[in-house]
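Only this structure's heavy atoms are used, side chains among them; waters, hydrogens and symmetry mates stay out. Bear in mind the structure is a predicted one, so any value in this text is a computation, not a measurement.
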Amino acid sequence: MNYRAVLFDFDYTLADSTRGIAECINYALAEMGWPAASAVAISETVGLSLSDTLCRLNRSATPQQCAEFSRHFIARADQVMVASTTLYDTTRTVIPDLKQRGLAIGVVSTKYRHRIEGVLERERMRKYFDIIIGGEDVAQHKPHPEGALKAVEALGLAAKDILYVGDSVVDAETARRARLPFVAVLTGVTVQHAFAGYAPIAILDSLARVPELLNNHSSSRE
């Protein structure tokens with residue numbers, strides 16, 4: 001199988017937004033009169049929807065509190081998120097490499113598309129991406145496959161021809177529901193054995209190994 005496109009998660013896969021996410025979460029909690037969350041607790045919410053984030057931090061949160069939390073988080077994120085997000089060095093090399101091979105490149109994330117685009121434009125990387133599906137583009141967030149399926153449709157390819165790369169079991173479950181081949185990268189907080197039940201094509205320690213994986217995967221089928 002020669003893949004024709006690669007879709008990526010964003011946070012902890014292509015970039016580190018932890019500093020901005022932490023600031024926005026604790027800003028929202030403070031506005032609600034709640035105590036700040038720990039760095040460890042916050043890191044475990046990266047990639048979740050805002051409602052799921054608050055539920056992970058406080059399992060007794062009500063829908064009304066989730067809505068309030070989301071409003072405060074978004075207000076602060078509009079001010080700080082793009083500036084506080086850093087692309088991984090491997091992203092700067094791997095993405096142009098894959099594009100040069102003729103692959104279509106995309107992102108499927110719970111992060112708002114306009115924030116992802118802001119980071120990529122700042123880094124002069126937006127031109128490499130054919131499709132970006134963010135949190136504002138779907139009614140249901142990952143692991144629901146809506147975003148992934150929208151990307152598949154927009155690319156005009158069969159799911160089997162598109163590789164999905166992510167760092168969490170949320171990404172793995174999204175890929176499974178969308179019937180996309182999946183590769184896990186260990187650049188987030190999810191440990192290797194957590195992916196065992198998802199039958200990933202590979203579990204990589206770094207995004208830098210994706211081109212090598214594609215080379216090996218292609219040559220094994222020639």
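Checked for salt-bridge contact, D97 and R101 meet the test: a charged N lies under 4.0 Å from a carboxylate O. Salt bridge annotation for K142-D171: present, with a cationic side-chain nitrogen under 4.0 angstrom from a carboxylate oxygen. With respect to R176 and E173, a salt bridge is recorded, a charged nitrogen being found less than 4.0 Å from a carboxylate O.
Annotation: Q100, atom CD; neighbour count of heavy atoms from other residues, nucleotides and ligands within 6.0 Å does not exceed 12. When the shell of 6.0 Å around CZ of R4 is examined, it contains 12 or fewer heavy atoms from other residues, nucleotides or ligands.
Side-chain contact annotation: D167 with T13, donor-acceptor N/O pair under 3.5 Å present.
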* **Residue pair V108, F8: steps toward the side chain to side chain contact (heavy atoms under 4.5 Å, CB included) verdict** => CA-CA 6 Å; V108 177; F8 294 90; over 6 Å; no

* To do: Would you sort out whether T62 and Q64 count as a side chain to side chain contact (heavy atoms under 4.5 Å, CB included), showing the intermediate values?
  => CA-CA 5 Å; T62 67; Q64 292 77 14; 3.5 Å; yes

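Looking at heavy atoms from C-beta onward, L186 lies in side-chain contact with F195 at the 4.5 angstrom threshold.
Grouped by direct or indirect side-chain proximity (heavy atoms under 4.5 Å, Ile/Leu/Val/Met/Phe/Trp/Tyr only), Y12 sits with I21, I25, L29, M32, W34, I42, V46, L50, L54, L57, F69, F73, I74, M81, Y88, Y112, V189.
In this structure, CD in E117 is found 5.0 Å from CZ in R126, a value given to the nearest 0.5 Å.
Among all heavy-atom pairs drawn from F182 and G166, the shortest one is CE1-N, 3.6 Å.
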